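Only one structure is covered here, and it is reproduced in the block below.
Everything numeric here is computed off the predicted structure, so don't read it as measured data.
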Amino acid sequence: MYPLILVPLDGSPFAEGALPIAMMVAEHHEAPLHLVAVHTVLARPLRLPDAPIYDGQLDDDRRAQLDSYLTRTAARLTTELGREVTHATVSDDVSTAAAIVEEAERRGAGLVVISTHGRGGFSRAWLGSVTSELLRTMPVPTLVVRNPAPDAAGTVAPSLARVLLPLDGSELAAAALEPALALVAPFQATVTVLRVVRTAESQLPYDQTFWTAAEQQVMEALRVDAQRDVDRVVAGLRARGLTVEGLVVLESDAARTILSVAAERDVGLIAMSTSGRGGLARLLVGSVTDKVVRGADHPVLVVRPIQQQ
């Protein structure tokens, strides 16, 4: 059970795209739901002699609008969920993402659920920099939900009956495993453990590319090693009573392969850490996790390994 699930909102339908799955998870985990909006100060008073008097009316009005919006939304969700949904409006003294992280820590959140808009781009409500910073700095798992519709009204929460766990053999990548299993535990999900063995760059799939005998020998050795590791993880999860399958794929583009397997398996969730083999200490543009978050049609659970916090 999560101590609390936090959902950042800004009054836009795009941000509200996170609410259906957040409500579903809160209901199945019997977890409290908390809404937060960040008030961005439009102007800050100057503390200089003879400086113009600061009129904070616009800021006060904007904060009041956010408070009113959250109050209405929380009341509606309280009725739907059958228990109180709390809310708070906070100010961004440092940044929007920092304000959300601070609120999550203050409330003791165990999961953050946010929405993005469309393939290849983050919601205008969050802008890429805010979401990216949030994923780099949030100390608890963050569930990123792609909202395909311009109007979130009527959006249906995706099924979490199948989960894809891409691993690369590193402890950092495996950090997403337990949070993902905890999230989908009430749904009795089928788990696919995926290992992508990176090959040399090729415009064609691995089985349609010409490889020299030496290259084939090296990649076969890597495949065998990866299969051994996947079999070990699968055996451990099956021993816990889970329904699990293992899959090893040889391809040059890990992110593209993850997205392809997710589509083929019709998964409801992809779970990844922000770092893995290769020593990436942050979620950078071009990283596998970043590409998956930007390109996925499915919710992506992003976990920061403890070593990075």
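Annotation: side chain of Leu177 is in contact with side chain of Leu237 (closest heavy-atom distance under 4.5 Å). Considering only heavy atoms from C-beta on, Leu19 comes within 4.5 Å of Leu35 through its side chain. A heavy-atom distance below 4.5 Å is found between the side chains of Glu133 and Arg136. Contact check for Val244 versus Val233: no side-chain heavy atoms found under the 4.5 Å cut-off. Side-chain atoms of Leu160 and Val25, non-hydrogen and from C-beta on, do get closer than 4.5 Å to each other. Counting heavy atoms from C-beta outward, His29 and Pro186 have side chains that approach closer than 4.5 Å. In this structure the side chain of Asp225 never reaches within 4.5 angstrom of the side chain of Asp229, judged on heavy atoms. Side-chain contact check for Met272 versus Val293: every heavy-atom pair is 4.5 Å or farther apart.
Between Arg240 and Glu178 there is a salt bridge, since a side-chain N of the basic residue sits under 4.0 Å from a carboxylate O of the acidic one. Salt bridge annotation for Asp60-Arg63: absent, with no cationic side-chain nitrogen under 4.0 angstrom from a carboxylate oxygen.
From Thr89, atom OG1 reaches atom CG of Leu70 across 4.5 Å, with rounding to the nearest 0.5 Å. In this structure, CG on Leu165 lies 10.5 Å from CD1 on Ile258, to the nearest 0.5 angstrom. Taken to the nearest 0.5 Å, the NE2 atom of His39 stands 10.5 Å off from the OG1 atom of Thr96. Between the CG atom in Leu77 and the OG1 atom in Thr86 there is a gap of 11.0 Å [rounded to 0.5 Å].
Using modelled atom types, one finds a donor on one side chain and an acceptor on the other under 3.5 Å when comparing Glu245 with Thr192. Gln65 and Asp61 form no side-chain donor-acceptor contact under 3.5 Å, judged by distance and modelled atom types alone.
In this structure Ala254 satisfies the side-chain contact (heavy atoms from CB on, under 4.5 Å) test together with Val196, Arg198, Val288, sequence neighbours excluded.
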What pairs of donor and acceptor atoms, side-chain ones from residues 106-113 against any protein atom, are under 3.5 angstrom apart with sequence neighbours left out?
| unit_1 | atom_1 | unit_2 | atom_2 | d |
| --- | --- | --- | --- | --- |
| Arg106 | NE | Glu103 | OE1 | 3.2 |
| Arg106 | NH1 | Glu102 | OE2 | 3.4 |
| Arg106 | NH2 | Glu103 | OE1 | 2.2 |
| Arg107 | NE | His34 | NE2 | 3.4 |
| Arg107 | NE | Glu103 | OE2 | 2.8 |

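When each of Val163, Leu143, Val267 is tested with Pro299 by the rule side-chain contact (heavy atoms from CB on, under 4.5 Å), just one qualifies, namely Leu143.
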